[in-house]
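See structure below.
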Protein chains: 2
Amino acid sequence: MKLTSKGRYAVMALVDLARFDNINPVSLRDISLRQGISLDYLEQIFSKLKKNEIVKSIRGTQGGYVLNKNPNDIKLTNIFNAVDEKVKTVQCRKESKKGCNGKATKCITHNLWDELETHINTFFENKSLKDLLNNNKETRV
Amino acid sequence: MKLTSKGRYAVMALVDLARFDNINPVSLRDISLRQGISLDYLEQIFSKLKKNEIVKSIRGTQGGYVLNKNPNDIKLTNIFNAVDEKVKTVQCRKESKKGCNGKATKCITHNLWDELETHINTFFENKSLKDLLNNNKETRV
DNA sequence: CTAAACTTGACCATTTTAGTCAGGTATGTA
DNA sequence: TACATACCTGACTAAAATGGTCAAGTTTAG
Ligand code: FES
Ligand code: FES
C-alpha cells in the first residue's frame with residue numbers, strides 16, 4: 001500500500017500555496033522551485049485542482065494560482081478526489097452483489113477491507129489544509 | 001493508495017486455512033479452488049509465510065499447511081510483513097535527516113504522511129486472524 | 001512406485017507511475 | 001504594440017511494479 005507522488009505533490013503544493021496566497025497569486029514556477037517538483041507535472045495536477053474548484057487561476061504576467069476556498073474547508077478528501085488519488089482496498093465493485101473472485105457472494109475478507117477503507121478515509125476527512133498550516137508552525141521535533 | 005493482490009490473497013488464504021486446520025493439513029490446491037486464487041501464486045505467498053513462521057508445511061500425499069501459531073497471535077501486521085506488503089506513505093528514508101526532495105530538511109508534509117502511516121499500521125496491529133474468524137461467523141448484513 | 005503436494009527459481013505480459021515534450025493562449029508591463 | 005511571464009492542453013514514453021505463468025524439481029503416504 002503506498003501513496004503515489006501525484007497525491008503527495010498535490011497536498012505539498014497546496015500547503016505551499018496556502019502559505020503565500022494572502023498577498024499575491026502564487027506561480028507554479030515558484031512552487032516548483034521551492035518544493036522541488038517538476039513544473040510540467042505540477043501543471044497537470046493544478047489543472048485538476050482547478051476543475052474541482054479548489055484553486056482559481058489568474059493568467060498573464062504576475063499571475064498564478066489562489067485558493068478558491070477557506071483552508072478550513074479544504075479537506076484532504078477533496079484534494080485526493082480531485083487528483084484521482086483514490087483509496088482502494090476492496091477488489092470487487094462495491095455496488096455489485098458479486099465477490100472479487102467472480103463468485104455470487106462477497107469473499108471472506110471483504111468486510112475487513114471495507115473496514116480498512118473506511119478507517120483510512122476517516123483520516124482524510126478529518127484533516128484540512130488549515131490543520132496542516134498550524135501543524136507546521138508548531139515546529140514539532 | 002491501493003492494497004495489492006499479494007496482501008489480499010495472503011490474508012484470504014490464511015482465513016481459509018484457519019477454518020479447516022483443526023483436523024488435517026490444508027492443501028494449497030483446496031485453497032486455490034475455494035478462494036479462486038492461482039495455485040502457482042499461492043505457492044510463492046506460502047513460501048514467505050513459512051519463512052516467517054506463520055505456517056508450517058507437511059510434505060507428501062495428504063500434506064499441506066497448518067498454522068504455526070494461535071490465530072489470536074497472528075496479527076495482520078505479521079502477515080503483511082511476511083509477504084512484503086508494506087505501508088509506505090513517506091517518500092524519504094525515515095532514518096535520514098534529509099527530505100524527500102533531496103534537501104537538508106524534511107518536506108512540509110512529512111509529518112502528515114508519517115501520521116497517516118501510523119494510523120494505518122494501527123489498524124493492522126489491532127486485527128488478528130481470530131478476529132476475522134469471529135467476524136465471519138457473525139453473518140453481518 | 002506413483003500420485004499428491006510442497007519447493008525453488010526463472011520468466012514475462014500488462015498496467016501504472018511519474019514524469020517529459022511540444023505546442024499553444026492570455027495578459028500585465030514597458 | 002512588443003514581449004516576457006505564466007497558464008493551458010494533449011500526446012507521448014521510460015521505468016517500475018504487479019500479478020501472475022512455467023518448468024523442473026523433492027518428499028512421502030498409501
Ligand atoms: S473484496 Fe469484495 S468480494 Fe473480495
Ligand atoms: S516525505 Fe519525508 S521529507 Fe518528504
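Letters A, B, ... are given to chains in the order of the sequence lines, protein chains preceding strands, and every chain is numbered from 1. Atom set for the values below is all heavy atoms of this structure, side chains included, hydrogens, waters and symmetry mates excluded.
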*Using side-chain contact (heavy atoms from CB on, under 4.5 Å) as the criterion, point out the one residue from B:L67, B:L132, B:I31 that pairs with B:L14.*
B:L67

*Passing option when B:V83 is tested against B:N52, B:I45, B:T4 for side-chain contact (heavy atoms from CB on, under 4.5 Å)*: B:I45

[atom1] of [X] to [atom2] of [Y]: how many Å apart, nearest 0.5 Å?
X	Y	atom1	atom2	value
A:C107	A:Q91	SG	CD	9.0 Å
B:L49	B:S57	CG	OG	11.5 Å
A:L28	A:Y41	CG	OH	14.5 Å
A:L116	A:M1	CG	CE	5.5 Å

*Apply the test side-chain contact (heavy atoms from CB on, under 4.5 Å) to residues A:F20 and A:R34: give CA-CA distance (whole Å), side-chain angles for both, the deciding distance (0.1 Å), then the verdict.*
CA-CA 12 Å; A:F20 290 86; A:R34 275 196 296 259; 3.7 Å; yes

*asked:* Taking any atom closer than 4.0 angstrom to a non-hydrogen atom of chain A, what span of DNA chain C does the protein reach, first nucleotide to last?
replied: C:dT17 to C:dG28

*Kindly say if B:Y9 contacts the phosphate of D:dG19, meaning a side-chain N or O under 4.0 Å from OP1 or OP2.*
no

Rounded to whole Å, please give me the gap between [atom1] in [X] and [atom2] in [N].
X	N	atom1	atom2	value
A:Q91	D:dT18	CD	C1'	12 Å
B:L42	D:dT21	CG	C1'	14 Å
B:K88	D:dT18	NZ	C1'	17 Å

*When clusters are formed by joining ILVMFWY residues with side-chain heavy atoms under 4.5 Å apart, either directly or through shared neighbours, do B:I58 and B:F46 land in the same one?*
no

_Base versus backbone protein contacts along nucleotides 6-15 of chain D [heavy-atom cut-off under 4.0 Å; B, S, -]_ = SBBB-B----

